[in-house]
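First comes the structure, then the notes that go with it.
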Amino acid sequence: MRVLDGESLSPPPLWLMRQAGRYLPEYRKTRAKAGSFLDLCYTPEYAVEVTLQPIRRYGFDAAILFSDILVIPDAMKRNVRFTEGHGPEMDPIDETGIGRLDGEGIVDYLQPVLETVRRLRDTLPDETTLLGFCGAPWTVATYMIAGHGTPDQAPARLFAYKHPRAFEHLLMLLADVSADYLVAQIDAGADAVQIFDSWAGVLGEKEFESFAIRPVARMIASIKSRRPHARIIAFAKGAGYQLKTYRQKTGADAIGLDWSVPLAFAAELQKDGPVQGNLDPMRVVAGGRALDEGIDDILQHLGNGPLIFNLGHGITPQADPEHVRVLVDRVRGLM
């Protein structure tokens, strides 16, 4: 939280995207007990347990709520399901379906997630930041249009060109309900929140402005108008040079950086405020010299400014838990 307010700390605080996940044997055991993935997300007992597992094991400086970005379309009755080997799927939406969408009752539907936040805040040590999150409107919309993930989100891009008014309506509706959801997470005990725009990197310059910046700026303005103390991290994966003005245009307190962002550019972005990232998750899989050098390069380039050390995207199931232990110790100067 001090870094989110602009302070530079050495060593920097540390957490990892998807730190509660399949690379941990204890997660896999809890996941098996829960049944479906959505049951895991919507059962506070299980969601609290998997959120706490990496905190117990590694003592990260932040715990991130265990949930999923697609609980919003699930709350919109889009029949979201997670199929083993296929990832998330839902009923694809068309222009008519968008016109029928109703943003009412979303926060009520997601009360089990908010109960998880309340329990986590009561359980976590005071010094451990609790992060809430949601998906950015563009990224959530891509799944709603296609009904599943695609390599370049061409279905959503095509839909946006062919039906601009309907797509604009979808983005703004998602922005409004997602802002309400994040305010509810903050009220339930989240110290800060992150907005994940995992598919921002497929957008051209004009589309990035319309689909990635405008809806997120709308969200952040809405959240801060109601909760001025809110601290918000915005992560636009693959945005590249468009990150240069992303913080200023969205109003985010900190910006997350994926592993493709050059560290010299990251240092320029850091002059305007806190940055988060940006180790390649594959270095955690590889371990050894690849891991050590990646960590050291980030600390060398960004360690003297406001930095939250993280990966450049989520940790993968192939990551060795012992490599994560090395990462934590090396960032903290213990090895």
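Predicted, not measured: the structure shown is a model, and the values here were computed from it.
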So which heavy atom on Pro11 is nearest to which on Val331, and how close? CB-O, 3.3 Å
Rounded to the nearest 0.5 Å, what separation is found between the CG atom of Leu131 and the CZ atom of Phe60? 12.5 Å
Listing request: all salt bridge (charged side-chain N to carboxylate O under 4.0 Å, His left out) pairs with a residue in residues 153-168, at least two apart in sequence or in separate chains. Asp152-Arg157, Glu168-Arg214
Partners meeting ring-ring contact (aromatic ring centres under 6.0 Å, His included) with Phe235 (sequence neighbours left out): none
Rounded to the nearest 0.5 angstrom, the CD-CZ distance for Gln270 and Phe265 is 12.5 Å
Considering non-hydrogen atoms only, spot the tightest contact between Ser67 and Tyr181 and give its length. OG-OH, 4.0 Å
Hey, does Pro13 have a side-chain heavy atom less than 4.5 Å from the side chain of Ile308? yes
Within a strict 4.5 Å, meaning less than it, do heavy atoms of the Phe211 and Thr142 side chains meet? no
Rounded to the nearest 0.5 Å, what's the gap from CG on Asp297 to CG on Leu302? Could you check? 10.0 Å
Taking C-beta and beyond as the side chain, do Leu174 and Met144 meet within less than 4.5 Å on heavy atoms? yes
What pairs with Ser178 under side-chain contact (heavy atoms from CB on, under 4.5 Å), at least two apart in sequence or on another chain? Ile72, Cys134, Met219
Could I get the full list of ring-ring contact (aromatic ring centres under 6.0 Å, His included) partners for Phe309, not counting sequence neighbours? none
Ile93 side chain reached by Met76 side chain, heavy atoms, under 4.5 Å: no
Excluding Met282, membership of its hydrophobic cluster (Ile, Leu, Val, Met, Phe, Trp, Tyr; side-chain heavy atoms within less than 4.5 Å) reads Val285
Please list all pairs meeting salt bridge (charged side-chain N to carboxylate O under 4.0 Å, His left out) that have one or both residues in residues 58-80, counting only residues at least two apart or in different chains. Asp61-Arg332
Find the distance between CG (Leu65) and OG1 (Thr116) and round it off to the nearest 0.5 Å. 6.5 Å
Is the shortest side-chain N to carboxylate O distance from Glu322 to Arg325 below 4.0 Å? no
With side chain to side chain donor-acceptor pair (under 3.5 Å) as the rule and sequence neighbours excluded, what pairs involving residues 190-200 come up? Arg121-Asp191, Thr139-Asp197, Tyr143-Trp199, Gln194-Gln276
Side chain to side chain donor-acceptor pair (under 3.5 Å): which pairs involve residues 244-256, sequence neighbours left out? Glu209-Lys249, Lys224-Asp253, Gln248-Asp272
Qualifying salt bridge (charged side-chain N to carboxylate O under 4.0 Å, His left out) pairs with a residue from residues 2-16, counting only residues at least two apart or across chains: Arg2-Glu7, Asp5-Arg231
side-chain contact (heavy atoms from CB on, under 4.5 Å) against Arg56, all qualifying residues, sequence neighbours excluded: Glu49, Leu52, Gln53
Can you name the ring-ring contact (aromatic ring centres under 6.0 Å, His included) partners of Phe196, sequence neighbours left out? Phe133
So which atom in Pro306 and which in Val3 form the shortest heavy-atom distance, rounded to 0.1 Å? C-CG1, 3.8 Å
Distance from Thr43 atom OG1 to Leu38 atom CG, nearest 0.5 Å? 10.0 Å
Relative to the ring of Tyr109, is the ring of Tyr42 parallel (under 30°), tilted (30 to 60°) or perpendicular (over 60°)? perpendicular
Does anything in residues 307-317 form a side chain to side chain donor-acceptor pair (under 3.5 Å)? List the pairs, not counting sequence neighbours. Thr316-Gln318
Charged N-O contact under 4.0 Å between Asp187 and Arg118: no
Electrostatic pair Asp180-Arg226, nearest N-O below 4.0 angstrom: yes
How far does CD1 of Ile98 sit from NE2 of His163, to the nearest 0.5 angstrom? 8.5 Å
